[in-house]
Amino acid sequence: MLENLNNSQTEAVKNTEGPLLVLAGAGTGKTKVLISRIIYILSNYLAQPQEILAVTFTNKAAQEMKNRIGEIIGDQVNNLWVGTFHAIAIKILRRHSEIVGLRSDFTIIDEDDQNRLIKQILNDFNIDTKQFSSKAYLSKISISKDILKNIDHLNSNLPKLKEVYDTYQFRLKSMNFVDFGDIINYNLEIFKKSVETLNYYQNKFRYILVDEYQDTNNCQYQWLLLLSSKFCNICCVGDDDQSIYSWRGANINNILRFENDFADSKIIRLEQNYRSTSNILKIADSVISNNKQRHGKKLWTDYNKGSKVKILSFYDGKVESQTIANKIKNFTQNNSINFSQIAILVRAGYQTRSFEESFIQNSIPYKIIGGMKFYERLEIKDAIAYLRVCVNFDDDLALLRIINTPKRGVGDAVISTLYQRSQQEKQSFFKVIKNSFEENSLKGKSKESLKTLIEIFEKFNQKIDKITLPELAKSILSEAGYLQMWKNENTLEANSRLDNIDEFIKSLGDFSSIAEFLEYISLIEVRDDNSRLNSVKLMTIHSAKGLEFDIVFLPGLEEGTFPSSKSLEEANSVEEERRLMYVAITRAKKELIISFAKNRYIFGEFQNLNPSRFISEIPISEVDFEEIDFANNNLLNRFDFNQNSGKFNVSNKSYIKNNMNNNFSKFGSFNYGSKTTQTKNSATTQKNITKLNLANEEFPIGTRVFHQKFGYGKIKNVDGNKLEISFEKTGTKTVMKDFVTSSQ
DNA sequence: CGCATGACGATTTTT
DNA sequence: TCGTCATGCG
């Protein structure tokens, strides 16, 4: 096993005793080290599997470790404690919840519900949510938990912050909820209150391994400190240059002052990179070496130099996305590169938009990574709320969510009276509604429909253990009229929502209890589905961390975009932006194409921009620089010239025409991408689209279709996998077949 | 209740 | 610019 490791990797594996920091640069094989280290410990009988704790930040990382270790040691892998910080901490919290006054069947509240709850509280306190947003309160509450700082010691101008915090915590507990920040905090409280419990875990975990140590917050740090203090065999793997989550409480000082925190510790650097060409590494180094807060290390590689990194400058954002689309076509057509080996990495989510548009026009398959999870959809959250009330009558938030969905004549006035009573009497909302029946304080429609609703919940609460989860969900949703609500709407969107609910109901079959299901969706569900495998990936740099691609495009390198304008206002945050840049560069294996636009629409205004300071940190002699803009009259790039056919691409006819009409000399009026509307919570997913398409192989001219972005339209022309569609709201566009569904 | 209207604000989001 | 949210009217 050790044969496959280089010298420093071997060192990192064999140094099992005492605190060890492994500074692992991007692409230096840190996962391999973590895995080999565990195998090494086991095969030398230094510990039993259940005496090893390995924590990661993502489920993906945890899963990968489990899988790869499982391949070597078989079923024994299940005895290891491998998981995310939160998954491990929850396991501990469920076992000892009574020490902190929680029931062991607590559920984890999601961000949406956190916000709803805080809004309610702010309302009760008569705080104007326009002036002081619930999100502002929530972020203070979360950060205080993450960095272990008392909420009234945070500087903030939010009125009654402490009171809101206390009420929030009280309400969480009464609904049997914990939030993400609570999980590890409660662990600390358990360890503090019960020395025996702490001792038990300290004695249990002989070896502790931590992945992505640079991303730990103070809370996680304390947790590790406590757990490791008996054997002190803690191995932290991380890269200070890749610390990009400080805004979520991650403390880069944890990795910077490791030697001070852990006595007799060692540091091993992994600097041999197995991912990128040396030209790419050179650029990465030239940028990151401008940072002062770092341990310092220099990546090197045995690989050849590769092609030079390219820096492109564009007239504006449109030229940028059009040109990149063209370059992608060239890569895939001429060099037989697969779409899936190409990624566009952006600073902020909204930047993906212009690329979507040019990819649609150029028939480039793409997939946006990130965004909404399946279980975050409106209809799915509603459906889950019904289940939540059914298992937990105290779940006020869930009940509030669906009490008048579908409309059953329970208006705001009734809800607010009942809700206020429940607050005053410190009783659950459910209970207060029940009491109101006895007191006869409600009348008319609201009384009748609430009675029916409560009866449904009580009836199915009895049946929870007697019928399967899918049956339970199906019957509740149908008896409560929820399914009928969407059926009545009878639009394509509503049908798609019903499809999603069906899929949801089916997926419940994989779980043995609602609690297990709720934990799965709050903790484990990953955004990745495997649809559209062969597609260009569009994502933020944050979500690209840990991934790699042959070809990486890095657009939008302008002051204000990257580094972001917000980061420029705050002191010290430019270094984090630079680390982000470093992460972005080191995702590339073979080709890196950095670009910036001289002008860009920002919040509707056409603005002149300066190239990012990170561009100036790259030695110009090491890159190929190309200016693609109007001054160059580079029409081939501008108008998607198809070299094979010798013609402009059909999809861009409208582009040219629009610009002709729009006075060519006025650069500011490139309005080819006419107004697009996109409904939020749109139920039509790529997944569903693909599914529906299987039943609709052909689109005859004249078919009415639905497109996620452009809405409804009629097909005017078909050209291979491209459809020319006259959209009802947005005019005629050429789009790819895969992106529309028949509305028949 | 459902729709229209206007103000407002707008990074990153592993769990 | 564009999406969200609160508010007010019929």
Side-chain angles (χ1 to χ4, degrees), chain A residues 55-62 83-90 108-111 115 119 123 128-131 133-136 139 142 145-146 178-184 211-212 214-217 219-220 242 244-250 345-351 353-354 369-373 376 404 406-413 445 519-528 539-547 556 560-570 573 576-577 579-580 583-584 600-607 671 673-682:
Chain A
V55 277
T56 65
F57 275 87
T58 64
N59 290 304
K60 206 173 159 190
T84 63
F85 273 99
H86 289 88
I88 303 274
I90 284 201
I108 302 153
I109 188 173
D110 69 17
E111 203 188 314
N115 259 317
K119 269 185 197 159
N123 252 320
D128 179 14
T129 47
K130 265 192 177 154
Q131 213 182 336
S133 71
S134 65
K135 290 220 167 91
S139 88
S142 304
K145 291 177 181 180
D146 287 346
V178 299
D179 69 16
F180 270 113
D182 284 334
I183 295 169
I184 301 172
D211 192 16
E212 307 273 17
Q214 76 282 353
D215 288 333
T216 50
N217 60 33
C219 189
Q220 290 155 338
Q242 293 186 67
I244 55 175
Y245 282 101
S246 76
W247 48 277
R248 269 178 67 153
L345 306 184
V346 293
R347 175 65 251 261
Y350 65 83
Q351 291 173 266
R353 231 190 111 138
S354 55
I369 310 286
M372 206 190 292
K373 293 183 192 175
E376 283 168 353
N404 200 32
K407 307 273 181 248
R408 37 174 82 87
V410 185
D412 285 346
K445 183 110 193 268
E519 181 149 325
Y520 173 81
I521 57 169
S522 59
L523 213 57
I524 296 158
E525 194 217 352
V526 280
R527 280 165 207 264
D528 260 1
M539 67 185 104
T540 64
I541 301 167
H542 282 91
S543 32
K545 198 172 127 192
L547 306 178
T561 315
F562 191 14
S564 79
S565 48
K566 277 247 171 83
S567 74
L568 294 174
E569 291 162 16
E570 294 167 43
S573 56
E576 179 147 321
E577 295 285 303
R579 291 193 289 269
L580 202 48
V583 169
R600 196 181 284 284
Y601 276 103
I602 296 172
F603 303 143
E605 249 180 302
F606 199 64
Q607 286 185 26
N671 272 328
S674 52
K675 225 169 101 184
T676 55
T677 42
Q678 189 170 29
T679 20
K680 209 204 158 179
N681 290 332
S682 161

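In this text the structure is predicted, and so the values were computed from the model without any measurement. What's counted below: heavy atoms across the whole structure, side chains too, no hydrogens, waters or symmetry copies. So you know, we letter chains A, B, ... as the sequences are listed, proteins then strands, and number each from 1.
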Please give me the minimum heavy-atom distance between Asp182(A) and Asp179(A), naming the atom from each residue.
N-OD1, 2.8 Å
Which atom names give the shortest non-hydrogen contact between Gly249(A) and Asn217(A), and what distance separates them?
O-CB, 3.1 Å
Taking atom P of dA6(C) as reference, at what distance in whole Å does atom CG of Asn115(A) sit?
11 Å
What's Tyr245(A) touching, base or sugar-phosphate or nothing? Going by heavy atoms closer than 4.0 Å.
base
OP1 or OP2 of dT13(B) under 4.0 Å from side-chain N/O of Ser543(A)
yes
Which pair of non-hydrogen atoms, one from Asp215(A) and one from Gln220(A), has the smallest distance, and what is that distance?
O-OE1, 3.9 Å
Hey, can you tell me if Phe180(A) and His86(A) have their rings parallel, tilted or perpendicular (30° and 60° cut-offs)?
perpendicular
Quick check for you: among dA6(C), dT12(B), dT14(B), whose closest atom lies nearest to any side-chain atom of Lys119(A)?
dA6(C)
Verify the contact: side-chain N or O of Asn59(A) to OP1 or OP2 of dT14(B), cut-off strictly under 4.0 Å; return yes or no.
no
Quick one: Asp146(A) CG to dT14(B) P, roughly how many Å, whole number?
14 Å
Minimum-distance nucleotide to Phe57(A) side chain [options: dT15(B), dT14(B), dT13(B)]:
dT14(B)
Output the rounded distance in Å from CZ (Arg579(A)) to P (dT12(B)).
18 Å
To the side chain of Phe180(A), which of dT15(B), dC2(C), dA6(C) is closest?
dT15(B)
When the distance from CD1 of Ile183(A) to C1' of dT15(B) is rounded to whole Å, what number comes out?
7 Å
Separation of atom CD in Gln607(A) from atom P in dT1(C), rounded to whole Å:
13 Å
Residue Asp412(A) excluded, over 12 heavy atoms near CG under 6.0 Å:
no
What is the distance, rounded to the nearest whole Å, between atom CG of Asp215(A) and atom P of dT13(B)?
14 Å
Which is it for Arg579(A) and Glu576(A) under the salt bridge (charged side-chain N to carboxylate O under 4.0 Å, His left out) test, yes or no, and what are the steps along the way?
CA-CA 5 Å; Arg579(A) 291 193 289 269; Glu576(A) 179 147 321; 3.2 Å; yes
Would you mind reading off the distance between Asn123(A) atom CG and dA6(C) atom C1', rounded to a whole angstrom?
11 Å
Please name the pair of heavy atoms, one in Ser567(A) and one in Ser573(A), separated by the smallest distance, quoted to 0.1 Å.
O-OG, 2.6 Å
Polar atom pairs between nucleotides 1-11 of chain B and protein, under 3.5 Å, N or O only, would you list them?
residue	atom	partner	partner atom	Å
dC1(B)	OP1	Asn404(A)	ND2	2.6

Inter-nucleotide C1' distance (dT11(B), dA6(C)), Å rounded
25 Å
Runs of at least three Watson-Crick or G-U pairs with DNA chain B, cut-off 3.5 Å
B:1-10 with C:1-10
Heavy atoms of Ile184(A) and Ala89(A) approach each other most closely as CG1-CB, 3.8 Å
dT15(B) P sits how many Å from Tyr520(A) OH, rounded?
11 Å
The criterion is ring-ring contact (aromatic ring centres under 6.0 Å, His included); which residues satisfy it with His542(A), sequence neighbours excluded?
Tyr245(A), Trp247(A)
Which heavy atom of Thr540(A) sits nearest to which heavy atom of Gly349(A), and what is that distance?
CG2-N, 3.9 Å
Quote, to the nearest angstrom, the P distance that separates dC5(C) from dT12(B).
16 Å
